[in-house]
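This report refers to the structure that appears directly beneath it.
These values consider heavy atoms only, across backbone and side chains, with no hydrogens, waters or symmetry-generated copies. Position 1 is the first residue of the sequence, and the numbers go up from there. Quick caveat: nothing in here was measured; it's all calculated off a predicted structure.
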Amino acid sequence: MHMSDATTTDLYEVTMAMSYLQEGMTAPATFSLFARRMPAERGFLVAAGLESALDHLSGLLVGPDDVEAFASVLHRAPRDLAPLLGLTFTGDVRAVPEGRIVLAGEPLLEVTAPLPEAQLVETYVLNQLNHQTAVAAKGARCVLAADGRPVVDFSLRRTHGTQAGFQAARVGAMAGFAGTSNVAAATALGVPAVGTMAHSYVEAFPTEEDAFRAFARAHPGPVTLLVDTYDTEEGVRTAARVLRELGPAVHAAGSAIRLDSGDLGALARRARFLLDDAGLPGVSITASGGLDEYAVEELVSSGAPIDTYAVGTRFGVSADAPYLDSAYKLVEYDGRPVMKLSSAKVTAPAPKQVFRGLGCADVIGLTDERPPAGAEPLLETVMRDGRRTGPRATLGECRDRLAADLDALPPAARRIRGPVAPHPAVSERLRDLTARVRHRTEAHAGLVSSPSPSE
């Protein structure tokens, strides 16, 4: 059986889509995807994951093997699932371009398509935007914490799967990382591949010096030598001796030592002294080992002479905020605005637009509203009738968007510790529509006895 990505979905998407088709409910539906609230210690989010979501939508096709799989898990005859056979995505997508700053409550993406199609793609689209948006925000914060020093991605070995590792490398590059250890990602994305050696390499040789010399013979330069396998200070002295003997062609051309454990600030200061004392001011210091924006900020603020920060596990899984409390909610069906009323999960009706003002003074309004003075609409039409409306965004374009948005953020939102996220306002028209739809919905549910005077 050769199933497609159409089966990478939650079962209830299939059961609902099947029912909609049987009931003839194929009118256009709009779903809005947004984060309900900002994760703790986040002053902003970074829109990411759109390109892989669009890849899925443009390639969606429910084939015979997919129908067989759906029938099997539902314990139904394949003919019962026949209405799904041949389903593709024929709808429109409006979305915030990758790299833009977004806030809680603001739609990252809105899908408008025949109801069964828009429903079936929910799980995959949420999966792509949730993970990448969370990790992109983590990466942007690491770059802010480094305050101009290069940051590189070492996360692949501990991300939750190789696809997640690729996505982490990509959004890291979007955030401004200088490179990644992930060879596949570096090759596919056109970003520098970076890496040094493992402790096992050093341990495989009779002495640390033997290991460093062998590595330099295999890699004529520049080289980065891992100095903390045994005694860090002695490792720095040994690295300095080997690098000095190799000559300026090696040690003056980007070579470095790497610190991976211990008190990185104190070790970096001692290492810098030893390297300078050996006549190697051009040899830089790379630090790794459990780093994220919090540790990087502490090291930078302490004046540690670290030139490059390698962030791994905690970046790749966005360890302190590994998920978004996000939703993909129906806001309109067949021209009728709808909303959810359940406690703590109320949604606003109708397709929306986000109007970005200076300093992220955002207003969430309806799609047909005119922007407030000096504001720009964030959501753009990126897919029409199931086809992309333009070429995929380049990493350079995403980086430029993010850099510009970060520069425009209020300082309190950029803080690493105790950030204060801006709160988007809601337009008067959207507030009025929400009140009317709420009253209508409550009346239909028997929660109020008479219609609102405004209806």
Side-chain angles (χ1 to χ4, degrees), residues 39-43 46 131-132 134-160 164-182 185-186 191-199 224-229 232 235-236 239 256-272 283-322 402 406 414-419:
E41 290 295 297
R42 292 291 183 272
V46 178
H131 173 247
Q132 294 179 69
V135 178
K138 184 78 170 176
R141 283 164 52 82
C142 289
V143 171
L144 287 173
D147 195 25
R149 297 159 185 81
V151 179
V152 295
D153 161 45
F154 275 14
S155 67
L156 177 59
R157 63 183 53 208
R158 296 210 179 98
T159 54
H160 300 314
F166 183 96
Q167 291 174 348
R170 180 176 178 273
V171 299
M174 183 189 306
F177 283 22
T180 177
S181 66
N182 185 333
V191 300
V194 295
T196 59
M197 61 176 67
H199 295 105
T224 299
L225 303 177
L226 180 61
V227 296
D228 67 343
T229 303
T232 301
V236 175
I257 62 165
R258 177 162 70 98
L259 304 170
D260 190 55
S261 58
D263 184 338
L264 294 175
L267 290 171
R269 290 182 179 86
R270 183 60 179 160
R272 184 72 274 157
V283 173
S284 63
I285 299 173
T286 294
S288 59
L291 298 181
D292 63 2
E293 70 269 41
Y294 302 106
V296 170
E297 183 187 49
E298 288 181 3
L299 288 164
V300 169
S301 63
S302 74
I306 295 170
D307 302 287
T308 300
Y309 290 93
V311 294
T313 304
R314 298 187 64 80
F315 156 66
V317 301
S318 187
D320 66 315
L402 179 52
L406 285 172
R414 293 163 52 97
R415 286 201 301 252
I416 301 303
R417 296 183 185 274

Side chain to side chain, [X] and [Y], heavy atoms closer than 4.5 Å:
X      : Y      : result
Val135 : Gln167 : no
Arg141 : Pro419 : yes
Leu406 : Leu144 : yes
Leu291 : Leu264 : yes
Arg417 : Glu297 : yes
Asp292 : Val311 : no
Thr308 : Pro150 : yes

Contact summary for [X] and [Y], nearest pair of heavy atoms:
X      : Y      : answer
Gly165 : Leu156 : CA-CD1, 3.9 Å
Ala271 : Ile285 : CB-CD1, 4.1 Å
Ala145 : Val300 : O-CG2, 3.6 Å
Gly139 : Ala175 : C-CB, 3.7 Å
Gly312 : Ser155 : O-CB, 3.3 Å
Val143 : Gly176 : CG2-C, 4.2 Å

Rounded to the nearest 0.5 Å, what separates atom [atom1] in [X] from atom [atom2] in [Y]?
X      : Y      : atom1 : atom2 : answer
Arg149 : Cys142 : CZ    : SG    : 14.0 Å
Leu267 : Asp260 : CG    : CG    : 11.0 Å
Glu293 : Tyr309 : CD    : OH    : 13.5 Å
Ile306 : Arg272 : CD1   : CZ    : 11.5 Å
Asn182 : Phe154 : CG    : CZ    : 12.0 Å
Ile257 : Thr196 : CD1   : OG1   : 11.5 Å

Stepwise side-chain contact (heavy atoms from CB on, under 4.5 Å) check, Leu402 with Val46: CA-CA 8 Å; Leu402 179 52; Val46 178; 3.8 Å; yes
Donor-acceptor contact below 3.5 Å, side chain Arg258 vs main chain Gly195: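 No, because the side chain of Arg258 does not come within donor-acceptor range (under 3.5 Å) of the backbone of Gly195.
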side-chain contact (heavy atoms from CB on, under 4.5 Å) evaluation trace for Asp228 with His199: CA-CA 8 Å; Asp228 67 343; His199 295 105; 2.7 Å; yes
Neighbour count above 12 (heavy atom, 6.0 Å) for Arg158 CZ: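 Not buried by this count: 12 neighbours or fewer within 6.0 Å.
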Asp320 bridged to Arg42 by N-O distance under 4.0 Å: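 Looking at Arg42 together with Asp320, the answer is yes, because their closest N to O distance falls below 4.0 Å.
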Sole candidate of Asp153, Val151, Thr159 that passes side-chain contact (heavy atoms from CB on, under 4.5 Å) when paired with Phe315: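 For Phe315, the side-chain contact (heavy atoms from CB on, under 4.5 Å) check succeeds only for Asp153.
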Pair Arg269-Ser302, side-chain contact (heavy atoms from CB on, under 4.5 Å): steps then yes or no: CA-CA 11 Å; Arg269 290 182 179 86; Ser302 74; 3.4 Å; yes
